[in-house]
Amino acid sequence: MIDAPSIGTPTATKRRSRLLRKLLRQPLGIAALTLLLVLIVAVTFGPQFVPHSPTRANALNILQPPSAVHWLGTDELGRDVFARILAGGRVSMAVGLFSMLVGLTLGLTIGGLAGYFGGRVEALLMRLVDAFMAIPTFFLILVIVTSFGNHPITIIVTVGIGFWAQMARVAHAEFKRFRRHEFVEASKALGGTHARVMVRHILPQVMPQATVLATLGVGWAILTEAALSYLGLGIQPPLASWGNMLQNAQGYLWRAPVLAVWPGLFIAVTVLAFNLLGNSLRDVLDPRS
Amino acid sequence: MIEYIARRLVQGAVVLFLVSLLTFFLINLAPGGPSSLIDFTTTTAELEARLKRFGLDRPVHERYVTWLTGALRGDLGTSINQGLPVSRLLAQRIQPTLVLGLTSLALAAVFGVALGLIAALQRDRWPDHLVSTISTLGMSVPNFWLGIVVIIVFAVNLGWLPATGSASIGRGFDLGDRVRHLVLPASVLAFSLMPNIVRVTRAAVLEMLASDFVRTARAKGLREFTVMVKHTMRNALVPVVAMLGLIATVLFSGSVVIESVFGWAGIGRLAIEAANGRDYPVILGVTLLAGAIVVLLNLIVDLLYAVIDPRIRHD
């Protein structure tokens, strides 16, 4: 074989269907995936079908218990909690997914370059990774949010930056491992450019591990955004996010403790689902562990 | 060995230097930047005086050099909002954080190692699944929410433990009172630290149990207890200790959140106050301190590691 099998060849298709069968034997993973799909559909399309606005206050209707009209009751400003959970979920889920994409891209690029080229590039880039790993993530995020403000896009980039270093370490190790492999030498001998070798030949080898890390990363990103918003440094009101709903609820622990239960429960279940899915994927994709 | 120590010291210093460079320039080059000390009522003269007082009228690289030489002598500048030296604020706030952090670390280590060991010995049986469920929960449940829930249950409803603070106000030092204040925040923080320790312990014990020397120890008829304690656990603990640096970063991140939930006046809380009040010198100081502690811990761990395992020195 001169060239490595790449995506689209018959062997790759066969390998993928085998992976699918293995994944189907992971009941927890399937349950988590189903739950996540339901949640994503619910937060994407749900708000159109809920008769209440997530932001309209109603002073005559504050802190209502759950009822047929307000499924999860109303909050301290009379807003419908269910509508806010859906709207907040849309924000939290989007921040989680996009942050992970930012971290994944940065980590794969920088870690990949360091591992592939080695030498001085590697020394410089990996010291940078070390520096990022040495700053406790939350402090780093605080530094960025303090300086650059808390626009939702900034939050996404910031949380992604909190995650990239870990991804870079994995990408670095894998690119370094594969750069001397025969299929890489072969592709180079055939005139493949560095970019082609990295993207077409090494990247597919790294993807299984990256997928696992990315899945766990989404859960982590949702937790981090929630913590930031809870501390008042993330998504700002009136835009709802599960984190800032909890911040509001903490002021009413004595009068309406149930307000603090819903957003936290949704965060916990969503993150749990991402973690379970990540663990199942690890069992399926990564035979070494 | 000396060469190895020297090399690691230099690497640690480089990382710390990069940390300082990174945080300083992130803060100072941001569009808002420290120049946002202005509000609508500030006159030009006031603004100039203020900029001068904090040295902000000079170019950024000059300020960095000044700040860094100060930092090397232990002078981290002055807090904009509190008017106190940053180093003094850090000194005041580090002690509560250490008390909370070390207590949680101890709890997490004891329970984490115990659960990891049980999971490994009962591999693929129900105790293993139970432990893995507990640690997946620890990874997934937001610790600030868990904090709120335990406050609702144990402080609001049952009234067993205080909800916030590290001591009752207006009382002298009272150990029982301190411990009662510590129980909830330390347990919640420990719960979120534990999963890492469980996972590494389980993997390490499994690896040791499959190793040749454990089989040999069993084959020569040593008692199971001796095999477990002297041969398996002693070796399995090495990777657990090795991730102390990683745990320290998780611990710091967790303390930011937990200190805010429980009104605990440590450096995590200080960081949040500084972030909300845009108190740049304090944010810089806190981040540098945390980075220094993490780098130092990693260094100590690496050196211990090299003492235990000579192969590493020649890597």
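Chain identifiers are assigned alphabetically (A, B, ...) following the order of the sequence lines, protein sequences preceding nucleic acid strands; residue numbering begins at 1 within each chain. All values derive from a computational prediction rather than experimental measurement. Atom set for the values below is all heavy atoms of this structure, side chains included, hydrogens, waters and symmetry mates excluded.
In terms of non-hydrogen atom pairs under 4.5 Å with chain A, the most contact-rich of I152(B), L297(B), I293(B), L137(B) is I152(B). Annotation: maximal heavy-atom pairing with chain A below 4.5 Å, among N276(B), L284(B), V14(B), L288(B), occurs at N276(B). With chain B as partner, the option from L142(A), V145(A), V269(A) having the largest number of non-hydrogen pairs under 4.5 angstrom is L142(A). Comparing I148(B), N143(B), I151(B), V149(B) by how many heavy-atom pairs each has under 4.5 Å with chain A, the most go to I148(B). Chain B forms more heavy-atom pairs under 4.5 Å with one residue of L233(A), L216(A), I141(A) than with any other, namely L233(A). Interface summary for chain A: among I283(B), V250(B), D279(B), L22(B), the most heavy-atom pairs under 4.5 angstrom belong to L22(B). When each of L265(A), L128(A), L140(A), I222(A) is checked for heavy-atom pairs under 4.5 Å with chain B, L265(A) comes out on top. Counting heavy-atom pairs closer than 4.5 Å to chain B, the top-ranked of the candidates D130(A), N275(A), L228(A) is N275(A).
Looking at R179(A) and E174(A), no side-chain N of the basic residue comes within less than 4.0 Å of a carboxylate O on the acidic one, giving no salt bridge.
Judged by distance alone, the side chain of W145(B) and the main-chain N or O of A260(A) form a donor-acceptor pair under 3.5 Å. No donor-acceptor pair under 3.5 Å is formed between the side chain of S99(A) and the backbone N or O of A221(A).
Atom CH2 of W262(A) sits in a sparse spot, with 12 or fewer heavy atoms from other residues, nucleotides or ligands closer than 6.0 Å.
Contacts between F252(B) and chain A at a heavy-atom distance below 4.5 Å involve backbone atoms as well as side-chain atoms. With a 4.5 Å cut-off on non-hydrogen atoms, I144(A) touches chain B through its side chain but not through its backbone.
If you check the side chains of R169(A) and Q166(A), you find no donor sitting under 3.5 Å from an acceptor. A donor-acceptor contact closer than 3.5 angstrom is absent between the side chains of Q236(A) and H151(A).
Of all heavy-atom pairs spanning G219(A) and V271(A), the tightest one is O-CG2, 3.6 Å.
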